[in-house]
Amino acid sequence: MDFLAELETLLRQIPPGHFARVADVARALGDVRASAAIARVLRDHPELPNARRVVAGSGLAARGPFFNAFRGGPLLAELRAEQIELATKVSRRNGFRSVRTVGGVDVSYEGDRGFATLVVLRASDLTVVEEVRVTQPVSFPYIPTYLAYREWPLIEAAAARLRERPTVLLVDGHGQLHPARCGIACLVGIRLGVPTIGVAKHPLVGSIRGSLEPGGGAPVVVDGEVLGYAMRTSQSTKPLFVSTGHRVATRTAVRIVRALCRTRQPEPLRIAHVLATEMKRRQRKKVQEGLKLAPFPRSERPKAKGRGA
DNA sequence: GCGACAG
DNA sequence: ATCTTGTCGC
């Protein structure tokens with residue numbers, strides 16, 4: 001059952017004349033963190049059953065009693081359980097000898113459509129040896145700590161079109177530096193069976209131990225355990241957060257990422273991001289041109305004025 | 001006033 | 001992630 005279907009199941013339970021708090025719906029789904037996403041979905045899809053009867057926590061918008069006896073499948077709790085299970089399968093041993101190629105995947109969005117690009121660079125000279133692009137509708141919203149379930153379908157589709165898999169794949173987001181120790185890089189690594197490294201631009205969990213010197217790195221500790229490193233590349237003050245996805249030792253992950261950084265972002269991710277954004281732009285342009293060229297279905301199109309061949 | 005959690 | 005144009009600066 002997907003996110004929207006699960007949400008609908010809950011919405012239908014609100015009795016006539018009753019209202020529900022967004023946070024209560026989120027908790028029924030399994031995680032209060034989904035509140036913002038649910039509010040967004042309801043705003044964008046007012047046609048969903050009882051969409052207008054789900055209100056903010058203040059309850060000011062309610063014109064009747066609150067309902068909160070939701071029953072049924074807590075989707076997010078199940079996904080969290082899966083993450084915890086996957087976390088036990090993460091390996092921090094290097095699943096390779098030498099790094100011949102390095103991949104990077106990134107996803108950009110336009111409404112409910114995602115655009116993914118996966119690029120593979122030759123490690124020796126950082127030239128692109130392969131790139132694949134994929135676009136698909138996306139149905140799972142962005143919910144903090146569940147990013148993997150939003151992006152996995154696109155990443156899987158992109159990986160499937162790859163002629164040859166990279167030695168190691170960089171993923172835009174955290175690896176073990178995650179509340180369930182299973183960020184998107186871990187899920188992708190395990191499901192793909194490829195060594196992966198999580199590279200995030202912002203922290204999610206843990207605290208940085210020590211100071212971050214320019215060009216240096218500092219351990220990020222969670223529950224007394226080092227699960228990743230914050231590292232400052234280039235001139236940037238803002239650190240990058242690197243952690244094991246799968247089959248890569250944490251220190252090795254840091255070494256690999258550092259070797260790939262010409263700017264703040266490692267080259268595979270920087271290039272993937274540029275290409276994904278470009279793909280989205282071109283698609284948008286194409287759609288606009290299509291609307292101009294064919295404002296009506298062919299059968300209803302007004303008769304064109306004759307113009308000499 | 002505090003906090004606002006990867007993309 | 002996305003909304004957004006030109007502009008100031010190294």
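Within every chain, numbering begins at 1; the chains are lettered A, B, ... in the order of the sequence lines, protein sequences first and strands thereafter.
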Do [X] and [Y] come close enough that some side-chain heavy atom pair is under 4.5 Å?
| X | Y | result |
| --- | --- | --- |
| A:L79 | A:F140 | yes |
| A:L192 | A:W152 | yes |
| A:F241 | A:P239 | yes |
| A:D112 | A:P137 | no |

How many whole angstroms separate atom CD of A:E110 from atom C1' of C:dA1?
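Rounded to the whole Å, the gap is 12 Å.
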If I take atom CZ in residue A:R113 and atom C1' in nucleotide C:dA1, what distance separates them, rounded to the nearest angstrom?
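From A:R113 CZ to C:dA1 C1': 16 Å.
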Considering only heavy atoms of chain A and a distance under 4.0 Å, specify the first and last nucleotide of DNA chain B in 5' to 3' order that meet this criterion.
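So the outermost contacting nucleotides come out as B:dC5 to B:dG7.
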By side chain to side chain contact (heavy atoms under 4.5 Å, CB included) - contacts of A:R21 (at least two apart):
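A:R21: side chain to side chain contact (heavy atoms under 4.5 Å, CB included) contacts with A:D24, A:F66.
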Taking side chain to side chain contact (heavy atoms under 4.5 Å, CB included) as the test, write out the residues that go with A:R255, two or more places apart.
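Listed in chain order: A:T252.
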Does A:R150 make a cation-pi contact with A:Y109 (under 6.0 Å, within 45 degrees of the axis)?
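Yes, a cation-pi geometry holds between A:R150 and A:Y109.
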Whether [Y] and [X] form a salt bridge (side-chain N of Lys/Arg under 4.0 Å from carboxylate O of Asp/Glu) is what I want to check.
| X | Y | answer |
| --- | --- | --- |
| A:R52 | A:E47 | no |
| A:E267 | A:R270 | yes |
| A:R133 | A:E131 | yes |
| A:R281 | A:E110 | no |

Who are the side chain to side chain donor-acceptor pair (under 3.5 Å) partners of [X], not counting sequence neighbours?
| X | value |
| --- | --- |
| A:R191 | A:E82 |
| A:E225 | A:R92, A:R181 |
| A:E8 | A:R12 |
| A:K201 | A:D172 |

Both distances under 3.5 Å, Watson-Crick or G-U wobble: on that basis, could you give the dot-bracket string for DNA chain B, with [ ] for crossing pairs and | for other-strand partners?
.......
Which is true for A:S108 with a 4.0 Å heavy-atom rule: it touches a base, it touches only sugar-phosphate, or it touches nothing?
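Sugar-phosphate: the residue A:S108, judged by heavy atoms under 4.0 Å, touches backbone atoms but no base.
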Under 4.0 angstrom, heavy atoms only, what part of the nucleic acid is A:Y109 near: base, sugar-phosphate, or nothing?
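The answer is sugar-phosphate, as A:Y109 gets under 4.0 Å only of primed atoms, P, OP1 or OP2.
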Positions of residues 172-189 of chain A (non-hydrogen atom under 4.0 Å from DNA chain B), listed by number
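By residue number: A:D172, A:G173, A:H174, A:H178, A:G183, A:I184.
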For residues 146-161 of chain A, which residues have at least one heavy atom under 4.0 Å from DNA chain B?
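Output list: A:Y146, A:L147.
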Contact letters for nucleotides 4-10 of chain C, in which S counts primed atoms plus P, OP1 and OP2 and B counts the base, heavy atoms under 4.0 Å:
-------
Whether A:K280 contacts C:dT2 is assessed here as follows: a side-chain N or O lying under 4.0 Å from the phosphate OP1 or OP2. Is that the case?
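Result: yes.
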Any donor-acceptor N or O pair under 3.5 Å, side chains [X], [Y]:
| X | Y | value |
| --- | --- | --- |
| A:R113 | A:T135 | yes |
| A:T167 | A:R97 | no |
| A:T277 | A:S108 | no |

Stems involving DNA chain C: give each as a range paired with a range, ordered by first number, where a stem means at least three consecutive Watson-Crick or G-U wobble pairs under 3.5 Å.
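Stem segments: none to report.
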